[in-house]
Amino acid sequence: MSKVNVRPIASVLADPVLATVFQQWQSAIESSGFYLAADIDSHGACDALLLFNQAEMPVGDPAGLAVQMVWDYLPPVVHGPLRGILFQSLPGVAQRTLRIALHDVQERWLECITHHFTNGAGESRILLLVRETTAAYQPVPALQQDKVRATAYEQFNFSMLELVLQEPDATRVLEKIARDIEAMHTDLYCAIVITQQLGKLVQTVIAPTLPQPLLETLCQLQLEAGNGSLATSITRKQRVIVDNVMTHPYWVNHRDAAQAAGIQAGWVEPMLTAAGDILGALAIYYRQPQTPDTYEQSMIAQAAKLVSIVVDRHLSRDTIQTLAYLEPVTGLPNRRRTYELLQQLHTQAVSGESLGMIYIDLDHFKWINEAHGHTLGNHLLQQVAERLQKVTTPHFLACMGGDEFLILLSELDGQGDAALQQVWSMQRKIQKIFERPFKVGSQKLSITASMGLCCFNELEIRDTDCVKAVDIAMHRAKQAGRNTACLYEPGMQTEIATQVMLEAELREAIEQAQLRLHYQVQVDHTGRPFGAEALLRWEHPERGFIPPAQFIPVAECSSLIVEMGQWVLDQACAQIAQWQRVRKTSDLSLSVNISARQFRQANFTAMVKACVQHHQINPNALRLELTESLLLENVDDAVSIMNELSQLGIQFSLDDFGTGYSSLQYLKKLPLYQLKIDRSFVNDIVTDSHDRTIVRTIIAMAQSMYLSVIAEGVETQEQMELLLNNGCRRYQGYLFGKPMAIKEFDAWLEQALA
């Protein structure tokens, strides 16, 4: 045994922080058979060998103990892993740790810690601290090991999904995943390989500690079956497990790199999108021959799925972030973006510049959808958008939803009649694009448009007044026979008068009990009902059922929505009480939509509590559905209200989740029970890869926070199967049942719960 102290007053000890680290390490080496402390560079060149104790460790010949390469004082098994972390520095990471098994007769372990610092000459140096930690690795019963590993995997999955939720930088997330996988296991390296051109080329390799020889091999890898474990896995989209790289035919071309890196086994799991397209692969490399056990296989599969979500989300991030401002079918700015732009113009206006606006609505577009289907209708809308873009550039063009478009003409030359003539000139250009039929697939479709026009000054913009004006003018054009245009005039109040009349009729409907609740079933993945959503219907004595889309906006613009909301909540609680009196339906829950205006009422909490107490129901059966836009208005107040009602046992569901990217910033603050995936994502989940990515991310985030997740608008078996395969096990939609009156719904339940 030899103990050496070369240059005891080294520059590393001049740093107070490093001196403290060094002293703490010294106090821990008393029981270590082997230890070493050295001041080195990233290649292992040794400036100062501070402490060294060989202790019968198989190392090189340190005769003379002259300052030289640190590798002469370390066992060969350490060289590859240590070079890996020395050669690959991580930004912002000053300390890194390796634990290495020597696999000798005594089954010894070494711990290697590196501390990066800058010496007095401004040079980048590394304080290397190595000690034997065999005593810390005593055998434990297999069952105890399994429990420890199961807990570690569970914590890993949760912490990683939390990171996905909070960290926008995909590279940082992937590096953290790789490092945490390595921390959970000894003697392994983790590499995440991202491909491009559908798996044809390697794009990025993220491998924080992988030795340089193998890292270079992966970066230059030809992705062909048989050319290594990773290339084979990516090419075939299958898991590949090689227990001994020195004998397996896949590694014929890479054995030198594996030997230089100290690699003996390689396991690879492909990373796929929801549509089955290859994103890359997750590779695990071991320093000794072996095959994965059950826990390790589970870890690899779960980690690969998690990484694929991160990569897929990263590739789609621009789409997700801009989704709140883009209409999904046409890709044009949507209504929300239009209103924000108008508000900006009003806020910044100084010159009184003239602006023009044209509101376009396609004539009888619903007939095309009914006759040819929504897919063809969407293709038609896309072609209309393309033609509009060609004639309206550089002016602002938006899709206000469905078949409605808006053009904002800025920087008009002149004011008054001169500006108005330019608006009419643009209208004539637009009119011409509808003169030619649209070819959609094998169909030739002719369609016309009705347009409303107005001209105004920047200083005159007040919220959405201008949009209302051209909308009213557009409806006047429709009343005039369609395929024409109408200029807004202040006297046009027909639309407003209609709304006033509808509001008066709605007040009468409340007084005369014309409102009804219909119920749409909610089921689990087995098809068994677990609850329903209460939906408001208006049965007019003369005009029959009036669509909610027609009367709800009118109610929201007046105080009627509050009165209606109280009635709905009372009826829902009464229905829950009836279900709870019957054993077969006693576990059913009922979801009720809460409007923004109702939620903001000062007595909202007291009203809900009173309703629950009056009907003597189990509060857990009542689920209040809130929208993202409602909660965004004042998050702190919303949290306070929700917390008070949650303590009573009432559950909250976030409706239309995913339509606002900003929700991810406050989601964790809210005492939610459930996320509800918006039907706009479910509609095209089978055909739209972006919608699948968004749905997949929503489900993963819900699971990470132990939230239930339900998808609405499920209409086909394909949609349900895709949702189920991605972890969503609760659904609502026409595939399972339409909204029904209570008698019809109870009869349906009787059979479904038999």
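Counting begins at 1 with the first residue of the sequence.
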Go through E269 and K305 one step at a time and tell me if the salt bridge (charged side-chain N to carboxylate O under 4.0 Å, His left out) criterion holds. CA-CA 9 Å; E269 186 83 10; K305 185 176 181 180; over 6 Å; no
Can you confirm whether more than 12 heavy atoms, excluding those of [X], are under 6.0 Å from its [atom1] atom?
| X | atom1 | value |
| --- | --- | --- |
| Q717 | CD | yes |
| R583 | CZ | no |
| K738 | NZ | no |
| E340 | CD | yes |
| E750 | CD | no |
| Q566 | CD | yes |

Under a 4.0 Å threshold between the charged nitrogen and the carboxylate oxygen, would [Y] count as salt-bridged to [X]?
| X | Y | result |
| --- | --- | --- |
| E533 | K676 | yes |
| R692 | D688 | no |
| R335 | E327 | no |

Can you find a pair of side-chain heavy atoms, one from [X] and one from [Y], that are under 4.5 Å apart?
| X | Y | result |
| --- | --- | --- |
| Q674 | I710 | yes |
| V592 | R623 | no |
| Q580 | I617 | yes |
| L626 | D655 | no |
| D471 | M400 | no |
| R507 | L560 | yes |
| E503 | L506 | no |
| Y519 | L590 | yes |

Once rounded to the nearest 0.5 Å, what's the spacing between atom [atom1] of [X] and atom [atom2] of [Y]?
| X | Y | atom1 | atom2 | value |
| --- | --- | --- | --- | --- |
| I206 | E175 | CD1 | CD | 6.0 Å |
| M271 | D277 | CE | CG | 13.0 Å |
| L569 | L624 | CG | CG | 6.5 Å |
| S680 | D691 | OG | CG | 7.0 Å |
| M642 | T605 | CE | OG1 | 11.0 Å |
| L670 | M705 | CG | CE | 9.5 Å |

List the atom of [X], the atom of [Y], and the distance in Å for their closest heavy-atom pair.
| X | Y | result |
| --- | --- | --- |
| A752 | R528 | O-NH1, 4.3 Å |
| V682 | G713 | CG1-O, 3.7 Å |
| T338 | A398 | OG1-CB, 3.2 Å |
| L502 | Q550 | CD2-O, 3.5 Å |
| I699 | G727 | CG2-C, 3.9 Å |
| A621 | L588 | CB-O, 3.6 Å |

Answer yes or no on whether R730 is positioned over the face of F530, meaning its NZ or CZ is under 6.0 Å from the six-membered ring centre and within 45° of the axis. yes
Angle class for the F745/W579 ring planes (parallel below 30°, perpendicular above 60°, tilted otherwise)?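 If you compare the ring of F745 with that of W579, the planes turn out tilted.
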Okay, side chain of [X], backbone of [Y]: is any donor-acceptor separation there less than 3.5 Å?
| X | Y | result |
| --- | --- | --- |
| Q520 | G737 | yes |
| S653 | L675 | no |
| Q616 | Q613 | yes |
| N378 | L381 | no |
| Q719 | N683 | yes |
| S640 | D637 | no |
| N603 | A606 | no |

Is the F652-Y673 ring centre distance short of 6.0 angstrom? no
For F551 together with H540, are the ring centres under 6.0 Å from each other? no
S589 vs L622, test: side chain to side chain contact (heavy atoms under 4.5 Å, CB included). Steps then yes/no. CA-CA 6 Å; S589 62; L622 178 61; over 6 Å; no
Using only heavy-atom distances, determine whether the side chains of [X] and [Y] contain a donor-acceptor pair under 3.5 Å.
| X | Y | result |
| --- | --- | --- |
| R696 | S308 | yes |
| Q732 | E712 | no |
| D684 | H690 | no |

Verify side chain to side chain contact (heavy atoms under 4.5 Å, CB included) between M720 and L723, making sure each step is shown before the conclusion. CA-CA 5 Å; M720 176 188 167; L723 289 163; 5.5 Å; no
Test side chain to side chain contact (heavy atoms under 4.5 Å, CB included) on N593 and L535 and set out the steps. CA-CA 8 Å; N593 290 285; L535 300 167; 4.3 Å; yes
Begin from the C-alpha positions of H615 and D570 and carry the test side-chain hydrogen bond (donor to acceptor under 3.5 Å, both in side chains) through to its verdict. CA-CA 8 Å; H615 293 282; D570 182 75; 2.9 Å; yes
Run the side chain to side chain contact (heavy atoms under 4.5 Å, CB included) test on T195 and L279 for me, step by step, so that the C-alpha distance in whole Å, both residues' side-chain angles and the decisive distance to 0.1 Å come before the verdict. CA-CA 6 Å; T195 61; L279 292 169; 5.6 Å; no
